[in-house]
Structures are given as C-alpha cells and as structure tokens.
Amino acid sequence: QVQLVESGGGSVQAGGSLRLSCAASEYTYSRYCMGWFRQVPGKEREGVAGIDREGSTRYADSVKGRFTISQDNAKNTLYLQMNSLKPEDTAMYYCAASHRAGGACKWWSLVTLYNYWGQGTQVTVSS
C-alpha cells in the first residue's frame with residue numbers, strides 16, 4: 001500500500017503563498033487518483049483539488065484561480081501551490097490516493113473514494 005507524507009504547511013499572512021508537498025512511497029502517476037483535502041475542527045473534510053490518471057485537474061470553486069495541483073513523476077511527489085491565501089483557507093491539509101478502477105477519479109472530491117491518506121499538514125492564514 002502507498003504511504004503519503006505531507007509537508008510545507010505553516011503560518012502566512014493573507015495574500016501570501018505556500019506550497020504543500022506530498023511524498024508517496026511508490027510511483028503514483030497513471031496508477032492512482034490523487035487529491036488534496038482540508039479540514040477544520042468541527043467540520044467535514046472537504047476536497048480542494050484532484051488530479052486523475054491522465055493528469056487532468058479539478059478544483060473546488062472556493063480555490064479556483066488561486067490553487068494549483070501538480071505532480072512530479074520523477075520524485076513521486078504531489079504538490080499544491082496556494083496563492084492569494086485567505087483566512088478561510090486555514091485548515092489541516094491532507095493528501096490522498098485512490099486506486100479505484102475506471103472513471104472513479106471524476107468523483108475526486110468524495111472522501112470515500114480514497115484508500116490512502118497522509119497525516120496532514122497545518123496551514124494558518126492570518127488577516
């Protein structure tokens with residue numbers, strides 16, 4: 001099973017940028033649906049961005065135009081570039097991987113799609 005380790009979180013002022021990384025223990029490109037999620041205490045985990053086996057990307061409306069999901073196949077690493085950060089982006093961010101077959105990646109924002117999760121990295125945006 002694939003293991004995922006996130007890094008890159010931290011504290012930043014509104015308008016700033018952060019890049020999150022998710023290192024996978026094995027090659028994921030074309031094998032897994034990959035996603036970034038976030039969660040604040042007392043709320044459900046929500047999908048932020050997803051990338052399918054062909055490299056197509058999808059985003060939550062709240063982050064479109066500000067966040068970019070990408071992957072470095074040579075490094076087995078998934079990234080989330082976050083620009084123009086807002087206080088409402090404050091959350092624990094998780095990466096996730098799914099090996100479900102077929103066109104399942106189109107359901108990228110469903111928590112139940114994913115088989116593997118990282119431990120999370122905290123992002124705090126101050127106003």
Side-chain angles (χ1 to χ4, degrees):
Q1 63 182 26
V2 63
Q3 296 180 331
L4 305 171
V5 179
E6 302 98 333
S7 61
S11 297
V12 65
Q13 289 191 326
S17 298
L18 284 174
R19 188 177 78 158
L20 306 183
S21 299
C22 173
S25 60
E26 62 182 67
Y27 191 70
T28 58
Y29 181 69
S30 79
R31 298 179 61 200
Y32 292 88
C33 310
M34 303 294 294
W36 284 100
F37 287 73
R38 64 188 181 187
Q39 188 171 24
V40 297
K43 293 190 175 182
E44 294 185 353
R45 193 167 295 190
E46 65 170 353
V48 175
I51 189 165
D52 67 19
R53 294 180 177 89
E54 289 76 38
S56 295
T57 58
R58 298 172 176 86
Y59 298 91
D61 288 343
S62 60
V63 306
K64 278 181 182 177
R66 300 189 298 122
F67 290 12
T68 303
I69 187 172
S70 63
Q71 53 190 9
D72 184 328
N73 304 326
K75 296 182 179 179
N76 293 342
T77 301
L78 182 74
Y79 299 102
L80 185 68
Q81 177 67 43
M82 306 186 295
N83 299 328
S84 302
L85 282 161
K86 304 175 181 180
E88 51 263 44
D89 294 319
T90 295
M92 184 72 78
Y93 282 72
Y94 300 88
C95 72
S98 170
H99 58 54
R100 298 190 193 280
C105 290
K106 64 183 178 182
W107 307 113
W108 69 272
S109 62
L110 293 180
V111 170
T112 52
L113 172 68
Y114 296 89
N115 311 95
Y116 309 105
W117 294 86
Q119 82 291 346
T121 185
Q122 178 68 38
V123 171
T124 303
V125 184
S126 58
S127 57

Distance from [X] atom [atom1] to [Y] atom [atom2], nearest 0.5 Å?
X	Y	atom1	atom2	answer
Tyr93	Glu6	OH	CD	12.5 Å
Thr77	Leu20	OG1	CG	12.5 Å
Cys33	Tyr114	SG	OH	6.0 Å
Phe67	Thr57	CZ	OG1	14.0 Å
Trp107	Ser98	CH2	OG	13.5 Å
Trp36	Leu78	CH2	CG	5.5 Å

State plainly whether the residues Asp89 and Lys86 are in salt-bridge range, i.e. N to O under 4.0 Å.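 Answer for the salt bridge query: no.
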Restricting to non-hydrogen atoms, name the atom on [X] and the atom on [Y] that form the minimum distance, rounded to 0.1 Å.
X	Y	answer
Gln81	Ser17	NE2-CB, 4.0 Å
Ser126	Pro87	C-CG, 4.5 Å
Met34	Ala97	SD-CB, 3.5 Å
Val123	Gly9	CG2-CA, 4.2 Å
Leu18	Leu85	N-CD1, 3.9 Å
Ala24	Leu4	CB-CD2, 3.9 Å

Matching residue for Tyr32 among Arg53, Gln71, Glu26 - test: side chain to side chain donor-acceptor pair (under 3.5 Å): Glu26
Linked, directly or transitively: [X] and [Y] (ILVMFWY side chains, under 4.5 Å):
X	Y	result
Leu80	Tyr116	yes
Val48	Val125	yes
Val2	Ile69	yes
Met82	Val63	yes

Would you indicate whether the side-chain heavy atoms of [Y] and [X] approach each other to under 4.5 Å?
X	Y	value
Thr90	Val40	no
Thr121	Ser7	no
Ile51	Trp108	no

Should the pair Arg45 and Trp117 be classed as cation-pi, given the thresholds of under 6.0 Å to the six-membered ring centre and 45° from the axis? yes
Which residues pass the salt bridge (charged side-chain N to carboxylate O under 4.0 Å, His left out) test with Glu46, sequence neighbours left out?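 For Glu46 the salt bridge (charged side-chain N to carboxylate O under 4.0 Å, His left out) partners, ignoring immediate neighbours, are Arg38.
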By the definition salt bridge (Lys or Arg N to Asp or Glu O under 4.0 Å), identify the one residue from Arg100, Arg58, Lys106, Arg31 that meets it with Asp52. Arg58
When you measure from the side chain of Ser109 to the backbone N and O of Gly47, does any donor-acceptor pair fall under 3.5 Å? no
